[in-house]
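A short write-up of the structure that comes next.
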Amino acid sequence: MAHINLGVFVSGGGTNLQSIINACEAGRIEATVTVVISNKKKSYALERARHHNIPAYHVPTGKKGSPEFAAADRRHVELLREHDVDLVCLAGYMRVIGPELMAAYSESILNIHPALLPSFPGTHGQEDAADYGVRVSGCTVHFAWPEFDTGPIIIQAAVPVLPDDDGDSLAARILAQEHKIYPQAIQWYAQDRLHIQGRRVIVDNAPPPTILEAIISPGLEI
Ligand code: GRF
C-alpha cells in the first residue's frame, strides 16, 4: 500500500482527529482523511473536519440491537465505500461498531484507548486508572475486534501518574501522547508494516522504544 484514505469515527471534541489531519496535511503520514462520521450532531470534531473541507456526517446509532443501530451500521459501510476508505480510525468514538462494518473492514479498523490495555478498558480509562492508584498509565492503539478494547496492540505510550492527579489531569497528560502514537500507527499501516499474528502485531523493522517524556514502544519515526 502507498497512500491510503482514512474514515475517522468521532463522538467528541476531535483532538485526535485534528492530530491525524495535521499529520496528513504536513505529509508526515501517507494518508488523507476522506470522511468523518460522528454519532453526535454537536460533536466539535465535525466542525474541525469541515474547516479542512472534509465531508462530515452525523449518523445517529440508537441502541445496539435496535433497527436504528442496524441502519447506522449499513450507512457507515455505505459512506466509507463512497469515500474510498482503506482504513477506519475510531478516534474517541464512544459507541460499539456494528457487524457489517466489522466484516467489511476486517483487520482495517484501528482504535485508540486512553489506558495501557488490557488494564482499564471501557469508557473511563483515565479516571479508573487514577482511582485505582497505578503509578504509570498511558494509551494504546490497537486493531479493533468485535469485543471492545480487546484487539491486537500496535503501539503504546506510558506516562507517570502523579500524586495529585485526578481523571482530568491524567487524561490531559495521556491525550498529548495519543496525538503522537495514533498518526504513527496509521503510517505503519499505510506502509503495510503491520502483521497480525494471533494476539500479537508484528511491526516490520520496528524501531527501538522512544524514551522522552514518555515510553513509546515501538518508538516514533515521525
Ligand atoms: C481520547 O482520550 C480517546 O482516547 C478517548 O476519548 C478521548 C477523545 O478525545 N476514548 P478527542 O475527541 O480526540 O479530543
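Values below: all heavy atoms of this structure, side chains included; hydrogens, waters and symmetry mates excluded. All values derive from a computational prediction rather than experimental measurement. When a ligand or atom number is given, it counts from 1 through the structure's own listing order.
Near G92, meaning under 4.0 Å from any of its heavy atoms, are these atoms of ligand 1: 6 (O), 8 (C), 10 (N). For ligand 1, the atoms lying closer than 4.0 Å to a non-hydrogen atom of Q126 are 2 (O). Per-residue contacts place P114 under 4.0 angstrom from the following atoms of ligand 1 (heavy atoms of the residue considered): 2 (O), 4 (O), 10 (N).
Salt-bridge formation is detected for the pair R193/E221: a Lys NZ or Arg NE/NH1/NH2 atom is positioned less than 4.0 Å from an Asp or Glu carboxylate oxygen. Here R81 does not pair with E78 in a salt bridge; the nearest charged N to carboxylate O distance is not below 4.0 Å.
Between I20, T15, T123, it is T15 that holds the heavy atom closest to atom 14 (O) of ligand 1. Compare H124, E178, Q177 by their heavy atoms: the one nearest to atom 4 (O) of ligand 1 is in E178.
Considering backbone and side-chain atoms together, G14 places an N or O closer than 3.5 Å to an N or O of ligand 1. Polar contact with ligand 1: present for N16 (N/O pair, distance under 3.5 Å).
Counting heavy atoms from C-beta outward, L175 and N16 have side chains that approach closer than 4.5 Å.
Residues satisfying the ring-ring contact (aromatic ring centres under 6.0 Å, His included) test with H76, not counting sequence neighbours, are F9. For H83, the ring-ring contact (aromatic ring centres under 6.0 Å, His included) criterion is met by Y57, not counting sequence neighbours.
In this structure, A45 does not count as a contact residue of ligand 1, since none of its heavy atoms falls inside 4.0 Å of the ligand.
Smallest separation of non-hydrogen atoms from V203 and L194: CG2-CD2, 3.8 Å.
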